[in-house]
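Down below is the structure, laid out as structure tokens.
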Amino acid sequence: MHNWKKLGRVFNPQEIRNVEWMREFAQAPSVLIFDRFIRVYFSCRPLPEKNGQYVSYSGFVELNRSNLFEIIRVSEKPILKLGDVGTFDEFGTYPVSVIRRGDEVIGYYGGWTRCESVPFNVAIGVAVSHDNGETFSKLGSGPILSYCVDEPFVISGPKIRWFNDRWHLFYIAGRKWILADGKPEPVYKIRMASSSDGFNWERHGKDIIDSKVEENEAQASPDVFFDNGKYHMFFSYRYSSNYRGKEKGYRIGYAYSHDLNHWVRDDTRAGIDVSEEGWDSEMISYPHVFELDGDIYMFYLGNQVGRFGFGAARLEGKLT
Amino acid sequence: MKWVKLGKIFDPTKHELPNDCHEFAQSPQALVFDDFVRIYFSTRKRDPVNQKFLSHIAFVDMDNHFRNIINISTGTVIELGGLGCFDEHGIFPMNVVRVKEKIYGYTCGWNRRVSVSVDTSIGLAVSEDNGLTFRKIGDGPILTSSLHEPFLVGDPFVSVINDAFHMWYIYGTKWMTRPGAEAPPDRVYKIAHAVSYDNRTWIRDGRQLIGDKLHPDECQALPAVVHHNGRYHMYFCYREAFDFRKNSKRGYRIGYAYSDDLSNWVRDDDHAGIDVSEEGWDSEMQCYPHVFRCGDKIYLLYNGNQFGRFGFGLAVLEESGNP
């Protein structure tokens, strides 16, 4: 079992004042490392609209590299604009996963639209930054990974990785919408695709992680880190309904693979769970694992899926 | 090309239709058998939830002179999609193609949005019973939004040429609100082309295939292609982006383009060879053309006024005056 030592909450968006587009939530942390600081991209929201619905933006916070609890800077504006009327990302850009590529930074993100019979649909877009990740411009007004025959909707949660001279995109694909107390709730599973150029993707076409708590378990945020000869995936999962509270809400799961094709799920080795009390006592989700100056860290979300920000844990020992 | 109009051949209001559908017989598309022709079309029911329309596919079988109705579908030809699926709120149209022993249905599935009325994607279904019913190959689409075709991918027309599947289809370029109008956004879409060698993976040309005649906001829809006298002929319909429903001058007309190589198309509406009538069922609008061979003739099925609310008609190609 891995041993994650919780370090506490790193960033709480509700402590940021007078930023309309960043009133609450700091979801899906994704790290880009600089010489003197680390930049953590995340997705946040203004207050809800009159109908109770949200839009989501993405921004970042910069942390002192030698003290992750020292905030140096918060982005002044969103890194991405919302899409034009009728486009796939008109109502949200969440989450974002960034990676360096030569002098550029590439960002893959979930774009949100609103539907009539179900509340939303999601497809994956791509954007590029030529200013070290300060701002991004979209490569097109449509998505780079959209719905297909066996992934009919909710293509989201992208995590971009570069392994073995190839691009790999871990993401989730909707399987079905179920009705829970008359309200549509999406069921989604973890999938992956590979690419030689980052733009033309070959989908593997299968769920790569077994379901555990129930057939309609929803799996999200597949974050993959290579260490000690293995690919380690930390992800989150929840029950299909009544998941907004502690009992059936998000937890962090774990799987490993030697070849990126065959994955063995073994949540008993995740090594992190909800706390007895505090900001992450009801649920934990959206893990992101990265290495910094010889240590391995996990950023993750706490209660209400990051409504009150994200925190950090440091690995004691190795990823095995 | 010159077409001789044979008049309206099917009026949906004069028949009982499956799926509680009344009115509308849109985008007629033919599947030719030895001794009859099955014509698929989209008809509509009211969604009991909100009274909006739901499009369903039905068909009518006619003798191969198109004089007599032999049969009308009584059951569901293809199910609409489940909750949240791309074809949950309608299938319109369906292009039916016989490839060797198989019969494929390429669908345009509709699902409703909030900020705009709808999005569409293209699906694939297979029939194992000579086209009476179709089973989808999956819940999702085979062709949908992409980086430079951001929405409203629809209106497929497929033809197998030299072992390659060619698909002509449309994609949206923008949603826009008429200046000063309170109306919801209207859409602009263009004709495109993709090719596949396995009927699964489609390679898009990635460009607008047919030039605009009116202006950049012209809407182009429902391409159909036939090979004749050594040349590929495309029929489609086009209209203004605004005020096109009731204003006859801005409504759908039939356009025409030709190509010798399937790559370069020359738009040549002056030689479409068909236009709205002085009066009658197709006097205000002509849309959703479908060209096909039957026997030794080439026919054109199409809709008239009010987008086919009261049915579709037929024209036959008059051979040129060659001796």
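We name chains A, B, ... by the order of the sequence lines, and we start the count at 1 in each one. Atoms considered below: every heavy atom in the structure, side chains included; atoms not considered: hydrogens, waters and symmetry mates.
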Is the number of heavy atoms from other residues, nucleotides or ligands within 6.0 Å of [atom1] ([X]) greater than 12?
| X | atom1 | result |
| --- | --- | --- |
| Lys77(A) | NZ | no |
| Arg200(B) | CZ | no |
| Tyr197(B) | OH | no |
| Asn51(A) | CG | yes |
| Glu79(B) | CD | no |
| Lys81(A) | NZ | no |
| Lys102(B) | NZ | no |
| Arg100(A) | CZ | yes |

Go through the steps to decide whether Val118(A) and Leu83(B) satisfy the test side-chain contact (heavy atoms from CB on, under 4.5 Å), and finish with yes or no. CA-CA 7 Å; Val118(A) 293; Leu83(B) 184 64; 3.7 Å; yes

Report the distance from atom SG of Cys148(A) to atom CD1 of Ile142(B), rounding to the nearest 0.5 Å.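 Cys148(A) atom SG to Ile142(B) atom CD1 measures 11.5 Å (nearest 0.5 Å).
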
Can you tell me how far the OG atom of Ser141(A) sits from the NE2 atom of His148(B), to the nearest 0.5 Å?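 One gets 8.0 Å once the value is rounded to the nearest 0.5 Å.
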
At a 4.5 Å cut-off on heavy atoms, which part of [X] comes close to chain A: side chain, backbone, both, or neither?
| X | value |
| --- | --- |
| Val116(B) | side chain |
| Asp119(B) | neither |
| Phe151(B) | side chain |
| Pro185(B) | side chain |
| Glu149(B) | neither |

For [X] and [Y], which heavy atoms make the closest approach, and how far apart are they?
| X | Y | value |
| --- | --- | --- |
| Ser146(A) | Thr144(B) | OG-CG2, 3.5 Å |
| Ser115(B) | Glu90(A) | OG-OE1, 2.6 Å |
| Trp177(A) | Gly84(B) | CD1-CA, 3.8 Å |

Below 4.5 Å from any heavy atom of chain B, which atoms of [X] appear? Answer side chain, backbone, both or neither.
| X | answer |
| --- | --- |
| Thr87(A) | both |
| Glu151(A) | neither |
| Phe120(A) | neither |
| Asp84(A) | neither |
| Phe153(A) | side chain |
| Leu145(A) | neither |

In terms of heavy-atom pairs under 4.5 Å with chain B, which of Gly125(A), Ser117(A), Gly83(A) leads?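 Highest number of pairs under 4.5 Å: Ser117(A).
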
Among Gly138(B), Gly172(B), Pro141(B), which residue has the highest count of heavy-atom pairs closer than 4.5 Å to chain A? Pro141(B)

Just so I understand: if I count every heavy-atom pair under 4.5 Å between each of Ser117(B), Gly81(B), Gly123(B), Pro150(B) and chain A, which residue has the most?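 With the most close heavy-atom pairs to chain A, the winner is Pro150(B).
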
Find out whether [X] and [Y] are in side-chain contact, i.e. whether some heavy atom of one side chain is under 4.5 Å from a heavy atom of the other.
| X | Y | answer |
| --- | --- | --- |
| Asp139(B) | Lys176(A) | no |
| Asn121(A) | Arg113(B) | yes |
| Ile137(B) | Asp150(A) | no |
| Ser145(B) | Phe88(A) | no |

Could you walk me through whether Leu147(B) and Leu139(A) satisfy the side-chain contact (heavy atoms from CB on, under 4.5 Å) test, starting with their C-alpha distance in whole Å, then the side-chain angles of each, then the deciding distance to 0.1 Å, before giving a yes or no? CA-CA 7 Å; Leu147(B) 203 54; Leu139(A) 296 189; 4.1 Å; yes

Would you say Glu116(A) and Asn50(B) are linked by a side-chain donor-acceptor pair, where the criterion is simply a distance under 3.5 Å?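 Judged by distance alone, the side chains do pair up.
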
